[in-house]
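Just the heavy atoms: all of them, side chains too, but no hydrogens, waters or symmetry mates, feed the values below.
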Amino acid sequence: MKLMLMGTRVVAVATAGVLLAGCGGSGSKDKGGPDPKPSGSAKQGGPATDGEKAGASKKPDPKQSTLPGALPSAYDFTPNPERVPKNAAQARKLTRNAALGENDWTAGMVRHAPYESGGSWPVLPDSCVWTRSPLPSGILDSFTRRLDIPAQGGKGRVQGAVTVTVHQTEAGADREIKDTVQESFRCPEQELGGGQRLSGLMSLQFDQKDVRNADASLFEAGKYSGPESGGVQDYVWSKSRIGPVTTAVSVKGAKGYTNTDLLRIAAEGGAKVLYRVELELK
């Protein structure tokens, strides 16, 4: 991370993110069970470059803990090549099977309106105002579902969303992760449209040795405001990659919810969608 970002808030972001990086995944196989801040620029996907072999992944040797129920010390899942989508139709089947519905994430969630969207790609230009474009070359499908925890008991409405994206190559998915980290540096203040705004954004990509449920993961935190938000609220967002598939989970806070509450919701959703991606690829 850039030196200018060092400080107590960075430490808080890093500490919170570790909770998401090590939650669930293949080690635990938890079966219980706008949009996420858009994922990357339009220059995603495409063939591997600079001699990088598409589909290649350097993973540490897994050393399993002897503690009952413990996560492995390294992520060791390898997608079955026969199950990796080769075309748009196969990718659409995976994204829809993996994306969480209202009964899949956390108790009490209901469908947001609109509930589903797909077939387009978010782009963050220099204006820092998000727009959408057709899917760029190298991306087979990208699909989003939005779910809310309704306002009740004096608390406001929490807005959650999960996006699953399938790239043609693992290299393209990895570039999406790397590009996304840079977006918060380039645009710490972002407009989502419809009066929704993100501010004070900070991103952190984890060292692979610290990720237990994916090939790569990042975490972002900031503040959210928008219609019916009840003022400025906390905002958390995570993105992960398994092979050529990326997942993104966002949670926009509301009155009566702490940052810890949002982290728990995001960690639960992130672990479950990654497990469902594994099921599609195994």
Side-chain angles (χ1 to χ4, degrees), residues 20 23-26 28-40 44-45 77 79 83-122 130 132 134-135 139-150 158-168 172-173 176-177 180 192 213-220 236-252 262 264-282:
L20 297 178
C23 182
S26 63
S28 62
K29 298 299 188 205
D30 180 2
K31 295 185 180 181
D35 309 335
K37 189 191 71 67
S39 53
Q44 305 286 348
F77 175 78
R83 299 274 290 172
V84 174
K86 307 299 192 298
N87 55 51
Q90 293 173 354
R92 283 192 292 271
K93 181 178 179 181
L94 184 150
T95 59
R96 283 144 183 81
N97 286 344
L100 304 179
E102 66 265 39
N103 297 318
D104 303 321
W105 190 337
T106 196
M109 276 190 155
V110 298
R111 295 185 179 189
H112 185 87
Y115 173 50
E116 298 179 334
S117 63
S120 63
W121 188 249
W130 284 99
R132 301 198 73 86
L135 291 176
I139 296 180
L140 296 176
D141 190 54
S142 187
F143 178 68
T144 296
R145 283 193 178 131
R146 303 171 188 83
L147 298 162
D148 295 347
I149 299 176
V158 170
Q159 300 177 65
V162 57
T163 294
V164 182
T165 300
V166 180
H167 291 254
Q168 287 182 334
E176 179 190 336
I177 295 287
T180 300
L192 299 178
N213 60 352
D215 291 314
S217 288
L218 63 87
F219 172 74
E220 183 171 275
V236 297
W237 182 70
S238 67
K239 175 173 284 188
S240 300
R241 176 182 69 81
I242 296 178
V245 180
T246 63
T247 65
V249 172
S250 75
V251 182
K252 299 170 183 173
L262 304 187
R264 176 189 58 78
I265 296 167
E268 182 178 355
K272 288 180 177 179
V273 70
L274 285 171
Y275 175 60
R276 288 163 72 111
V277 168
E278 283 192 4
L279 290 180
E280 293 298 311
L281 295 175
K282 69 184 297 184

For residues 86-98, which residue pairs qualify under salt bridge (Lys or Arg N to Asp or Glu O under 4.0 Å), counting only residues two or more places apart or in two chains?
Arg96-Asp141
Residues in salt bridge (Lys or Arg N to Asp or Glu O under 4.0 Å) contact with Arg111, at least two apart in sequence or another chain
Glu102
For a quick test of reading the model, state the closest non-hydrogen atom pair linking Pro244 to Val84 and the distance between them.
CG-CG1, 3.7 Å
Counting only N and O atoms by type, is there a donor-acceptor contact under 3.5 Å from the side chain of Arg145 to the main-chain atoms of Val162?
no
NZ (Lys239) and OG1 (Thr246) are apart, to the nearest 0.5 Å, by 5.5 Å
Partners meeting side-chain hydrogen bond (donor to acceptor under 3.5 Å, both in side chains) with Asn97 (sequence neighbours left out)
Glu280
With a 4.5 Å limit on heavy-atom distance, are the side chains of Trp237 and Thr180 in contact?
yes
Mind checking whether Pro79 and Phe77 have side chains closer than 4.5 Å, heavy atoms only?
yes
Closer than 3.5 angstrom, by distance alone: can the side chain of Asp215 be matched with the main-chain N or O of Gly243 as a donor-acceptor pair?
yes
Which heavy atom in Ala91 sits nearest to a heavy atom in Val166, and how many Å separate them?
CB-CB, 3.9 Å
Ile265 versus Trp105: any side-chain heavy-atom pair under 4.5 Å?
yes
Distance col, row Arg276:CZ vs Ile242:CD1, nearest 0.5 angstrom, shows 13.0 Å
Taking all atoms of both residues into account, what is the closest heavy-atom pair of Asp104 and Ala99, and its distance?
OD2-O, 4.4 Å
Let me confirm one number: the CH2-CD1 distance from Trp121 to Ile139, rounded to the nearest 0.5 Å.
3.5 Å
When rounded to the nearest 0.5 Å, the distance separating NE2 of His167 from CG of Leu135 is 10.0 Å
If we only count heavy atoms from C-beta on, is the Glu278 to Leu274 side-chain gap below 4.5 Å?
no
Quick one: closest heavy-atom pair of Ala214 and Arg241, and the distance?
CB-O, 3.4 Å
Quick check: closest heavy atoms across Ser142 and Thr163, and the distance to 0.1 Å?
OG-CG2, 3.6 Å
Mind checking the NE2-CG spacing from His112 to Leu147? Nearest 0.5 Å is all I need.
10.0 Å
So, for Thr106 and Glu268, which heavy atoms are closest and what is the spacing to 0.1 Å?
OG1-OE1, 3.1 Å
Can you find a heavy atom in the side chain of Leu262 that is under 4.5 Å from one in the side chain of Ser250?
no
Identify the residue among Leu140, Leu94, Thr95, Thr165 that makes a side chain to side chain contact (heavy atoms under 4.5 Å, CB included) with Val245.
Leu94
